[in-house]
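Have a look at the structure below before the remarks.
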Amino acid sequence: MMESMEIDREKAPFTGEENKETKPIVVVLVGLPGSGKSTFSDEVMRISSRPWARVCQDTINNGKSGTKIQCLSVAATALKDGKSVFIDRCNIDREQRADFLKLGGQQTEKHAVVLDHPAKLCISRSVKRTGHEGNLQGGKAAAVVNQMVPKKELPKLSEGFDRITFCHDERDVKEAVNVYGSLSPLDSLPSGCFGQKKSDAKIQLGIMKFLKKVDPSGNAGSDPTVRQKCSPNKLSVGEDTVLQRSKMDSAALEKVGKSNELDITSTSGANSANSIPTLAFPSISTADFQFNLEKASDIIVEKVEEFIGRIGKARLVLVDLSQGSKILSLVKTKAAQKNIDSNKFFTFVGDITRLHSQRGLHCNVIANAANWRLKPGGGGVNAAIFKAAGSALEIATKEKAVSLSPGKSVVVPLPSSSPLFAREGVTHVIHVLGPNMNPMRPDCLKDDYVQGCKILREAYSSLFEGFVSIVRSHGVASIHNSGRPLESGGFQEVIPTNDDQKAKREADYESERSKKYKGLRLDLKSGASSLMDEEKIQDKSVNMTKSWASWAQALHDVAMHPNKHKNVILEISDDVLVMNDAYPKAQRHLLVLARVDGLDSIADICREHVPLLKTMHAVGLKWAVKFLNENKSLSFRLGYHSVPSMRQLHLHVISQDFDSIHLKNKKHWNSFTTPFFLDSVVVIKELEDVGRVTLKDDKCLAMELRCHRCRSAHPNIPRLKSHISSCQAPFSADLLQNGRLVSSTGTDF
DNA sequence: GTTCTAGAAC
DNA sequence: GTTCTAGAAC
């Protein structure tokens, strides 16, 4: 496992220097006439805060069409001025693009944006356009496009591009416009191929075969200059800042053994790599669980040796985030000593959640150094993988198992809805739990390395067994032939739970899953969900109103059945009732409840409720004044939570001392001191003026802790509370005006 | 909404 | 080691 600090280096994963200065970008637009290249660049330039120049061959000669040489010269000038440039010409084949890839040398990023619309569409567009300009007869325009179609050769990373974006429809184009348009002068984009259809490779291959231009394998390796450029032996770490992406990748690749005939192309984003099933795995138990590195590296090599004969052409890759990783170098050395085939097993530096997009290494399976609860969090690889894979992985994991014992693993097919599937091509995650030697962590084995080594061996056996089962059951075919990963072919180890708590969780699991995830299970079951599930899903889609958990019903119950709660009610009428907040967050903290059934929160309010809100405010204000008469040092705000936790519309009347043992966390604080708290007077005014209330996102609740008076920031709740106990700064003018703050010195009464 | 607690932060 | 947060469970 990697430490979380290392995960933080994600943005500059290699040396941390990559992003220090941002290079201008040469964006080579690729597309037929009428594909929208000019529109694309215009759109980006319109919204971008970054300096751009559009180099358009059609207009470069004082509005008339010019030459490629002119384009190169204008582009070079723009780059010298620090501008990024769009090369707005068809750039339909490799040869046309090659010279633009030399622009600015290594000081520029080279991108391609492919506007790959159907030729029919391009023709109809360019016919219209040329008709307008009167340059070409419609028929001629069609002929020009048609002539170009067979020459179309999609760009590849091996040509020297750092990044290629394929757009197949208007939605893709819009997305790409946003991506480039929102780049600030300091931003850079991740390297790699984005949006490529699986069929592209085949079409491309067909064209190439037809033209006999390129090695039909489609490999960049057919280009000797690239191969040489990529030779790991020619690199040293110090060169990284000026290296281009393809070099970075190969530098990141720490091949086991001394051979340098490694198929770099298979790791540079070329399609051929996608066809080799590859398991990327972190070193298990050596980070957080403090397993001895020497022993761990022995076990890794031993287990790799045992399994390497069983995985066919598939590959195992030990991954670590840091360049100087001890475990990588130990394993590398030991694997070389044992002459393990370095094409099938090697070590690799990179973020395991971004091996394809950042490092060009496609791994269809990744291992996760999981925790026993199979839950996100905990830092390191586990946190990173769950974060990168999104909720889809959590749900898919729950489908397979709820806990894991040390030495065991569980194979989880990754739903296509997961970003890891879409971006990285990961089809399976194998969670594996190693032995813990860290006394600070649960289930520590103390120094029992006899037991520890046994469990670590089991862990790798289980992991590799899982990978073997994936390779054997569907392997290559599953990676790209379907829109979603196939179910694992039988292998999985669902761990029987062995203590009461775990057993309880497992028992709860079924009912909980049906409660929480019924709407999401469509992703998991490929149209084969049971009738029962479908009924539940339909129910959910019909009933769109928010459902409230049982604990959130308390206020509703009081409002509907006040007789049952006489002891807590301070005042009651037909419309409203007043009660103390059960967990007051300040010296004085009341709730004024609406007694109408069906008004759960401020989201249900519209103009017709203004009289009710005015009543609630008047009642609340009356109590605030009463409290002020008892203690003139207090001040009050009356307002609603944008998104309340408890059902039944309720107005908070809360003194601004926030002196309470019940105020314990950030959510408490921010729910009363950020825009999440909607002042009653403001809500009423908004309803009267525009007929609806603007709610605030619950992002407010995660904001930093700031004093509500002087706005100073504080690192944690205790420090904040200590500060507010003495801060006497005046409240903001905004609060003092408009009657939002009720105090004895205020203007309200 | 609170309580409980693992694990992050110090 | 203690303090504090944040997520899960209710």
Side-chain angles (χ1 to χ4, degrees), chain A residues 1-8 287-290 369-384 386-387 391 394-395 397-398 402-403 433 436 438-444 499-513 515-517 546-559 565 568 579-586 589-591 593 600-601 640-652 654 660-672 676-677 698-699 701-705 714-723:
Chain A
M1 253 200 291
M2 297 170 236
E3 299 294 339
S4 55
M5 266 182 60
E6 292 174 340
I7 290 290
D8 291 341
D288 230 20
F289 286 177
Q290 298 183 357
N371 54 38
W372 72 268
R373 291 157 59 241
L374 291 171
K375 289 280 167 63
V381 168
N382 185 63
F386 271 105
K387 189 178 167 207
S391 58
E394 285 176 59
I395 295 162
T397 298
K398 278 196 177 185
V402 289
S403 67
L433 182 62
N436 173 37
N438 180 351
M440 304 297 285
R441 296 274 178 260
D443 299 327
C444 176
D499 72 41
D500 287 345
Q501 200 186 4
K502 285 188 206 169
K504 185 173 178 302
R505 283 174 198 210
E506 194 155 31
D508 288 342
Y509 161 57
E510 268 306 321
S511 67
E512 170 149 330
R513 189 185 61 184
K515 259 190 287 178
K516 282 192 180 171
Y517 301 110
K546 180 178 174 181
S547 63
W548 298 83
S550 57
W551 51 260
Q553 304 285 351
L555 297 180
H556 180 253
D557 202 52
V558 175
H565 305 276
V568 300
M579 61 185 283
N580 274 312
D581 191 294
Y583 298 90
K585 305 299 185 294
H589 185 184
L590 296 180
L591 303 178
L593 269 61
D600 289 340
S601 76
Y640 303 88
H641 283 158
S642 286
V643 185
S645 298
M646 306 287 278
R647 178 184 181 190
Q648 194 65 22
L649 181 69
H650 56 281
L651 172 71
H652 291 270
I654 185 165
S660 164
I661 55 161
H662 298 294
L663 199 158
K664 291 176 175 170
N665 60 45
K666 189 180 252 187
K667 183 177 176 180
H668 291 154
W669 178 255
N670 284 339
S671 73
F672 289 104
F676 186 85
F677 189 82
D698 53 9
K699 273 179 195 141
L701 301 178
M703 295 195 329
E704 60 188 342
L705 299 168
H714 300 270
N716 54 46
I717 288 289
R719 298 266 283 276
L720 172 78
K721 291 180 87 168
S722 153
H723 168 82

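Chain A is the first sequence line, chain B the second, and so forth, proteins listed ahead of strands; every chain is numbered from 1. From a predicted model like this one, the values you see are computed outputs, not experimental measurements.
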Subject >> Value in whole Å for how far the P atom of C/dT5 lies from NE2 of A/His714 >> reply: 13 Å
Original post:
Over how many whole Å does the gap from A/Arg719 atom CZ to B/dA9 atom P extend?
Top reply: 16 Å
**OP:** Taking the six-membered ring for Trp and the full ring for Phe, Tyr or His, determine whether the centres of A/His589 and A/Tyr583 are under 6.0 Å apart.
**Re:** no
Subject >> Check: A/His662 side chain, A/Ser660 main-chain N or O, donor-acceptor pair, under 3.5 Å >> reply: no
Original post:
Is there a donor-acceptor pair under 3.5 Å between the side chain of A/Lys721 and the backbone N or O of A/Leu663?
Top reply: yes
**OP:** For A/Lys667, answer base if it contacts any base atom (sugar-phosphate contacts may also be present), sugar-phosphate if it contacts only those atoms, and nothing otherwise; contact means non-hydrogen atoms under 4.0 Å.
**Re:** nothing
Subject >> Plane angle bin for A/Phe672 and A/His652 - parallel if under 30°, tilted between 30 and 60°, otherwise perpendicular >> reply: perpendicular
Original post:
A/Leu701 has an atom CG; how far is it from atom P of C/dT5, in whole Å?
Top reply: 15 Å
Original post:
Can you check the A/Phe386 CZ to C/dA8 P distance for me, whole Å?
Top reply: 11 Å
Original post:
Which of these nucleotides, C/dA8, C/dA6, B/dT3, is closest to any side-chain atom of A/Lys375?
Top reply: C/dA8
Original post:
Which one, C/dC4, B/dT2, B/dA6, comes nearest to the side chain of A/Pro718?
Top reply: C/dC4
**OP:** Measure the distance between the ring centre of A/Tyr583 and the centre of the six-membered base ring of B/dG1, then answer whether it is under 5.5 Å with planes under 30°.
**Re:** no
Original post:
Given B/dT3, is OP1 or OP2 found less than 4.0 Å from the side-chain N or O atoms of A/Lys664?
Top reply: yes
Original post:
In Å, rounded to the nearest 0.5 Å, how long is the span from CG of A/Leu701 to CZ of A/Phe676?
Top reply: 4.5 Å
Original post:
Once you round it to whole Å, what is the distance between C1' of B/dT3 and NE2 of A/His662?
Top reply: 13 Å
**OP:** Please determine if a side-chain N or O atom of A/Lys585 lies less than 4.0 Å away from the OP1 or OP2 oxygen of B/dT2.
**Re:** yes
**OP:** Please state how far atom CG in A/Leu705 lies from atom P in B/dA9, giving the value in whole angstrom units.
**Re:** 15 Å
Original post:
Does A/His668 make a side-chain N or O approach to OP1 or OP2 of B/dT2 shorter than 4.0 Å?
Top reply: yes
**OP:** Identify which nucleotide among B/dG1, C/dA6, C/dC4 has an atom closest to any side-chain atom of A/Lys666, counting heavy atoms from C-beta outward.
**Re:** C/dA6
**OP:** Calculate the interatomic distance between A/Asn716 atom CG and B/dA9 atom C1'; express it in whole Å.
**Re:** 10 Å
Subject >> Distance, rounded to the nearest Å, where A/Ile717 contributes CD1 and B/dA8 contributes C1' >> reply: 17 Å
